[in-house]
Amino acid sequence: MKSLVVMTYYQMMHSIALALTFEEKPNLYFSMQYLNPDESLLERIRDTGVFNKVVGITKKGENQRFTRELRKTSNLDDDAIDAIGTSLFDEYLEEKYAEYFKDADTSDELFIYNDFQIHYYYICKHFERIVGVEDGYCSIPRQLGIHEFKGDAKHLVPFIEKGYFPEPLYRHEKVTKIISSVEMDDDYYSSKIVVWDYKDIVSLNEEKFKKALLYIFRINEIEINNPSSLFLGQPLDRAQYCNARENYLLCKKIIRSEIEKGNTVYYKPHPAERNYIGVYGGDNVVVLPKDFPIETLNYIDRKFDRLVTFDSTGLSTLTCAKEAYRYLKLTEFTKKELVSYIKKDISDERIEIDVYLIVRDLTPEVFINVYSCIFRNADIHTNIHILTDRVNDLKNIREFFDKRNLGEMVSAYRKKYKGTKNEVRWHKELGWMKRWIDRYHPSFDVCAVSSFRETDIYREAIACQNDGHDFVLLMESCDPAFLVTKAIAVIMKRSIFPVLSLRHYTTIEGENGKTVEIPLLSDYLNNECTDGLINKVWHKEILKSLEGEILKEPFAGLDISFLKGYIRKYSQIYLYVPPAQYYSIKDGEQHCSEKLKLLEQQFADNQEMLVAKLINAIYDYCDWNRVVNYGLAEKKEIEAIEHLIENHQLQFDVYKRVAAAIFYDKENEDIRLLKQDSRYYQEIRTQIDKAAEIGLLNVLDNIRRGRKKIQKVKKRGRKKWPIIKSN
C-alpha cells in the first residue's frame with residue numbers, strides 16, 4: 001500500500017489525481033504546519049473515498065520543543081555537532097512520527113512533494129522507496145534550484161552536512177525517482193526524472209477527480225458578474241522580490257487597472273499570502289477564500305472573461321477564463337531584475353493614510369505633535385484631519401496650524417521645556433522638522449465635530465471620506481507621533497494588517513531606584529478608557545464591515561475578536577505617557593469601579609465577553625494603582641478582583657481566567673500561592689486549554705510576558721526593543 005505526504009492545497013489536489021491511478025487506495029498524510037487546516041477539511045477528504053486513510057501530521061506549533069533545542073545548536077563546532085549526532089531528532093521526532101505513520105507500509109513507495117520539513121527525517125529513516133513529486137505545474141527546475149535555508153531550518157545545515165539529517169532537494173539515496181511534468185537538463189536529476197504530465201494524470205480519471213475536488217472545497221456557489229477578471233495574487237514579499245508594502249501597492253494597482261476596464265475583479269489570494277486578504281476588498285472587488293487550489297475553478301460551470309496574474313505556475317493549468325494575461329514570467333528574470341521591475345512599476349503608487357487628531361487645546365506641543373504625524377516615506381501619503389468641537393472657531397484654528405508658524409512653535413516649545421527632561425526629548429526631530437516638512441506635502445483640513453465621542457467622530461468625519469484612504473488612524477493630538485509613524489511604516493514592510501493597536505506605557509521608580517517601564521492597557525488621561533476606534537490604525541474595509549457596531553448607541557467599544565489573532569501577530573506600538581499625568585489622576589479607582597458596573601449591564605447576555613472585558617478593566621486598574629503608588633503597595637490582580645467585583649459568581653469566573661493567565665507564566669511567583677488553594681487550582685487546571693482555545697488570555701499573557709522581557713532586556717543591556725521609547 002502506497003503513501004502520499006502533502007502540505008499544500010495544490011499538492012493535495014495532485015495527490016488525488018495520482019491516487020486515482022493506483023490499483024490500491026493509498027494513505028494520505030497531510031502536514032498541517034503550513035496551512036493549519038481544520039479537522040473538517042481532513043474529514044471531507046476522507047469522505048471522498050479516494051484514500052484508505054487520511055492522517056493530519058505535524059500540527060502547527062507541536063514541534064516547538066524540538067525547535068527550541070535545535071536553536072541551542074547554533075554556532076556549535078564540529079565536535080559538538082558530532083556529539084549530538086541524531087540524538088536530537090530521535091528524542092523529539094521518532095516516537096511522534098512513529099505514531100503518525102503506524103499504519104503505513106514502509107516497504108512500498110512513499111510520494112512526497114516537498115522535502116524541507118521535519119517529518120522528512122523519519123521518512124528517510126524508515127521508508128525504503130521514496131518518490132519525489134513536483135510542487136507546482138512544470139516547476140521542478142525552480143523547486144530543485146532552492147538551496148537557501150531560512151528561519152529555524154538554517155540550524156539543520158550542519159547536521160545535513162555531516163549526514164545526521166537527510167539531504168534535501170531529492171538527493172537522498174532512497175529517492176528512487178522524481179515525477180515531473182517536464183524534463184530537466186541536469187546530470188544528477190535527469191536519470192531520476194519520470195515525465196508524467198499533471199494534466200495527463202487528471203485526464204485518466206477526470207470525472208472522479210472533479211467530483212472529489214468539488215466535494216472537498218465546495219465552491220459551486222461562487223457567482224460571477226460579467227464582465228469579470230480573475231486576479232491571482234502571489235506572495236512576492238514572501239519570496240523576497242519586494243516587501244509587504246510594495247506587494248500591497250502592486251496588487252492594488254493591478255486590481256484598479258482591471259476595474260477601469262469595467263470588470264468586476266475576483267481576487268484569489270495565494271494560500272501562502274501573509275497580508276490580511278480583506279484589505280484587497282472594496283467596490284467591484286470580490287475577495288475569494290484562499291483555502292482552496294485555484295485549479296478547482298476549472299470545474300465550475302461558469303468562466304471568467306480575463307485571468308490576470310503577475311506570474312503564477314497555476315496559469316498553465318487553468319481553463320476557467322476566456323483569455324489570460326501574465327505581467328511577466330519570473331523564470332526569465334534574475335531576482336535583482338525583478339526587484340527593480342516591481343519598484344519601478346509602483347513608483348507612482350501611494351498608500352493613503354488619513355490621520356484624525358482630536359485637538360482640545362491650541363499649544364505649541366499640540367502643533368508639533370500634529371505635524372509629527374506626517375509619514376516620511378515616498379510610498380505613504382498622509383492626510384491630516386484636525387478634529388475640533390469649537391465649531392465657531394474654525395478660522396482661528398486653521399490660522400494656528402498654518403505651516404508658516406512652524407519656526408515660532410518650535411522655539412516656544414523649546415523655551416517652555418528648557419532645563420527640564422523634556423528639553424531634549426524630541427531635540428533631533430525638532431531640528432529636522434523645518435527641513436523635512438518641506439519635502440512632504442500632506443493634505444490638511446480642519447473638521448468640526450459635535451463632540452469627541454467616537455461614534456460622532458466616525459459619523460461626522462471619517463465615514464464621509466471613506467473613499468479617500470487605505471488606512472485610518474484616530475488619536476489624541478497630545479501624543480507625539482514622530483516614532484509612531486516610523487514604526488507603522490516598518491510594520492507595513494512585514495505585513496499589511498487590518499488593524500494595529502497603539503498602546504501606552506509609562507515609567508515608575510522601582511526598587512533600588514531603577515526605572516521600571518509599565519505597558520498600559522488603556523489610557524486614563526481625561527478619564528476616558530479608549531477601547532474603540534481611538535489609538536488604532538484601521539484599514540478602510542475593516543471599518544466598513546464594523547460600521548453597524550461603531551454607530552450603535554451607546555457605543556461600548558468594538559468587538560474585534562475575529563481579528564485578535566492577527567493583531568497579536570504583529571508588534572503593538574507603545575506611546576510614552578509622562579508618569580506625572582498618571583499621578584494627577586485621583587479618581588482612577590472610582591472610574592474603574594463605575595466602568596465595571598457598566599460592563600456588567602452591557603454584556604449581561606454574553607458571559608464570555610463580559611469576563612474578557614472585566615479582565616481588561618482589572619488590569620487597567622492595577623496599572624493605574626501601580627503608578628500612583630510608585631510601584632509600592634500595589635494591588636495584585638486577585639486583590640483587585642475581590643476589591644472591585646461584588647458578584648461572587650462573576651468574581652469567581654474572572655478569578656479563574658486571570659489565574660489561568662498567571663498559570664501560563666511559569667516563572668510567576670503567584671502560581672505557588674494559587675496551588676495552595678486546591679478549590680481554585682482544580683478549576684484553573686480545567687480552564688487553561690479552553691481559555692487558550694477561545695483566545696481570551698493571549699493579550700493579557702503577552703503583556704505579563706512583555707513586562708518580564710523588558711526587565712530581561714535591561715539586564716542584558718540589549719539596545720533594541722520593539723516598544724517605542726522617548727529619547
Side-chain angles (χ1 to χ4, degrees), residues 499 501 503 519-524 529-532 536 546 549 552 554-568 572 588-626 635-665 668 670-671 673-675 677-707:
V499 56
S501 293
R503 299 296 190 186
L520 304 165
L521 277 174
S522 65
D523 183 5
Y524 272 101
C529 187
T530 57
D531 190 31
K536 294 183 181 71
L546 292 170
E549 290 289 321
K552 279 183 180 177
F555 180 63
L558 299 174
D559 178 10
I560 54 172
S561 55
F562 68 102
L563 292 172
K564 287 278 177 72
Y566 207 93
I567 295 172
R568 287 195 304 274
Q572 293 186 338
E589 183 161 336
Q590 179 184 348
H591 172 78
C592 186
S593 181
E594 291 173 353
K595 183 183 178 183
L596 262 61
K597 288 183 174 62
L598 181 62
L599 289 172
E600 288 186 45
Q601 296 172 9
Q602 291 172 340
F603 297 98
D605 298 329
N606 189 336
Q607 184 73 4
E608 290 290 349
M609 186 56 66
L610 172 59
V611 171
K613 295 286 186 180
L614 289 175
I615 290 174
N616 276 308
I618 292 294
Y619 270 74
D620 285 340
Y621 170 74
C622 291
D623 282 334
W624 171 80
N625 183 270
R626 190 173 291 112
K635 273 188 167 60
K636 300 290 186 182
E637 285 79 5
I638 307 307
E639 294 175 315
I641 292 169
E642 296 171 350
H643 178 63
L644 293 168
I645 300 177
E646 297 177 0
N647 183 304
H648 291 291
Q649 181 58 47
L650 187 57
Q651 183 184 104
F652 183 66
D653 291 340
V654 175
Y655 184 94
K656 285 192 300 183
R657 200 64 54 74
V658 173
I662 296 172
F663 187 85
Y664 273 115
D665 197 340
N668 193 294
D670 287 358
I671 189 59
L673 301 176
L674 292 171
K675 286 182 177 179
D677 191 326
S678 59
R679 177 172 68 100
Y680 282 137
Y681 181 64
Q682 291 303 317
E683 291 286 344
I684 293 163
R685 192 164 60 180
T686 60
Q687 285 288 323
I688 291 171
D689 292 336
K690 178 63 178 175
E693 177 186 330
I694 61 179
L696 293 177
L697 288 176
N698 290 313
V699 173
L700 307 180
D701 190 38
N702 287 343
I703 289 169
R704 299 186 71 89
R705 292 176 184 277
R707 290 172 179 159

Q: For Glu549, give me all partners under salt bridge (Lys or Arg N to Asp or Glu O under 4.0 Å), at least two apart in sequence or on another chain.
A: Lys552
Q: Can you find a heavy atom in the side chain of Leu610 that is under 4.5 Å from one in the side chain of Val654?
A: no
Q: Please report the interatomic distance CD1(Ile618) to CG(Leu596), rounded to the nearest 0.5 Å.
A: 5.0 Å
Q: Could you list the residues that satisfy side-chain hydrogen bond (donor to acceptor under 3.5 Å, both in side chains) with Gln607, not counting sequence neighbours?
A: Asp653
Q: Who pairs with Gln601 by side chain to side chain contact (heavy atoms under 4.5 Å, CB included), at least two apart in sequence or on another chain?
A: Leu598
Q: Looking at every non-hydrogen atom in both residues, tell me the closest pair between Cys592 and Leu644 and how far apart they are.
A: SG-CD1, 3.8 Å
Q: With rounding to the nearest 0.5 angstrom, report the CD1 to CG distance, Ile645 to Leu614.
A: 5.0 Å
Q: In chain order, what residues pass the side-chain hydrogen bond (donor to acceptor under 3.5 Å, both in side chains) check against Glu594, with sequence neighbours excluded?
A: Gln590
